[in-house]
Amino acid sequence: MTRHFLEIDDLSPDELTAVLDLSEDPAPRRVLAGRGVALLFEKPSLRTRNSTEMAVVQLGGHPLSIRADEIGLDVRESTEDVARTLAGYHAAIGARVFAHTKVERMAAVSDVPVVNLLSDEAHPLQALADLLTIRQEFGDLSGRCLAYVGDANNVARSLSIAALMLGMQVRLGCPPGYRFGPVDLDRIRAAGGEPTVHDRPEEAVEGADVVCTDVWASMGQEEQAEKRRRDFEGWTLDRGVVERLAPAGIFLHCLPAHRGEEASADVVDGPRSRIWPEAANRMHTARGLLAWLLREQEEG
Ligand code: CP
Ligand code: NVA
């Protein structure tokens, strides 16, 4: 059966750990030798495109990045026909889309793995990199406390599920109107834990090992940016808030960062920040995931 990676819980906790272990393998088997991986983008990308392309190269393969408007996804031909065609040339397909249903539609017809490179609902590749960064910092994830402060978005959802799957505690600090609804909360709880919900950033961060945030307005929400800036007033992670972390606590941000909005410059660039190892881990975890998916594909 072809395995896909549309949300982090498409893997079991043991599989997730195996992917993190493979991500730290400095000389992985070149499972993609002579093969391609198609990477389709409906939205901009710096990290995801570069890290995934380089992961494919490191596995011996050839990445082919395509902008969705070049091929007219669902305009010139259906998403399903695009996926069926690409599956005939490539060992895997990655897609960054607005509607999550698009990656689901691809996976439904593709006999090669489909990887979600970010959708409006989920960013599981980012969650992999974040888990690896936390594991490298603390050695073990189990029992550690992760606070997410900001918009309850794609990054927050995947990371919350991922953290609970590996035995972390999760705290969600999101302003009113920007919290998870019951459907997302049920999906997060299904990972095996109960996230706590906090009304103030200070409360979410107090004594936590990790605090993570993301932009207030995601790609596709640009016209709401002004309103969101007003609604998120008082939710900036500044030094005063971040110093409430446990003594060895760290700050993560998937990037791009807006210094002075979701986090102050002295936090983004400060001593607790691990944003650069986190960004670099996007490549290592993309490589670990692809190596794992391709091995599953070979073993059938
Ligand atoms: N963090 C992340 O996914 O960055 P890009 O949008 O630049 O790919
Ligand atoms: N939540 C952000 C993440 C960017 C990597 C977005 O979807 O734009």
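Whatever order the structure lists ligands and atoms in, that order sets their numbers, starting from 1. Worth knowing before you read on, the calculation uses all heavy atoms, side chains too, and leaves out hydrogens, waters and symmetry mates.
Between Glu233 and Arg228, none of the side-chain N atoms (NZ, or NE/NH1/NH2) sits under 4.0 Å from a carboxylate O, so this pair counts as no salt bridge. For the pair Arg187 and Asp9, the salt-bridge criterion is met [side-chain N within less than 4.0 Å of a carboxylate O]. The pair Glu121-Arg157 counts as a salt bridge, with a side-chain nitrogen and a carboxylate oxygen less than 4.0 angstrom apart.
Side chains of Arg96 and Ser119: no donor on one and acceptor on the other come within 3.5 Å. Side chains of Thr196 and His198: a donor on one and an acceptor on the other come within 3.5 Å. Side-chain contact annotation: Glu53 with Ser65, donor-acceptor N/O pair under 3.5 Å present.
Around ligand 1, the residues contributing at least one heavy atom under 4.0 Å from the ligand are Ser45, Leu46, Arg47, Thr48, Arg96, His123, Gln126, Cys254, Leu255, Arg282. Enumerated by chain and number, the residues approaching ligand 2 to less than 4.0 Å through a heavy atom are Leu118, Asn153, Asn154, Val155, Asp214, Val215, Ser218, Met219, Leu255.
In the hydrophobic clustering, Val57 connects to Met54, Met283, either directly or through intervening members, whenever side-chain heavy atoms lie under 4.5 Å apart.
Closest of all the heavy-atom pairs between Leu166 and Leu131 is CD1-CD1, 3.8 Å.
With sequence neighbours left out, Asp266 forms a salt bridge (charged side-chain N to carboxylate O under 4.0 Å, His left out) with no residue at all.
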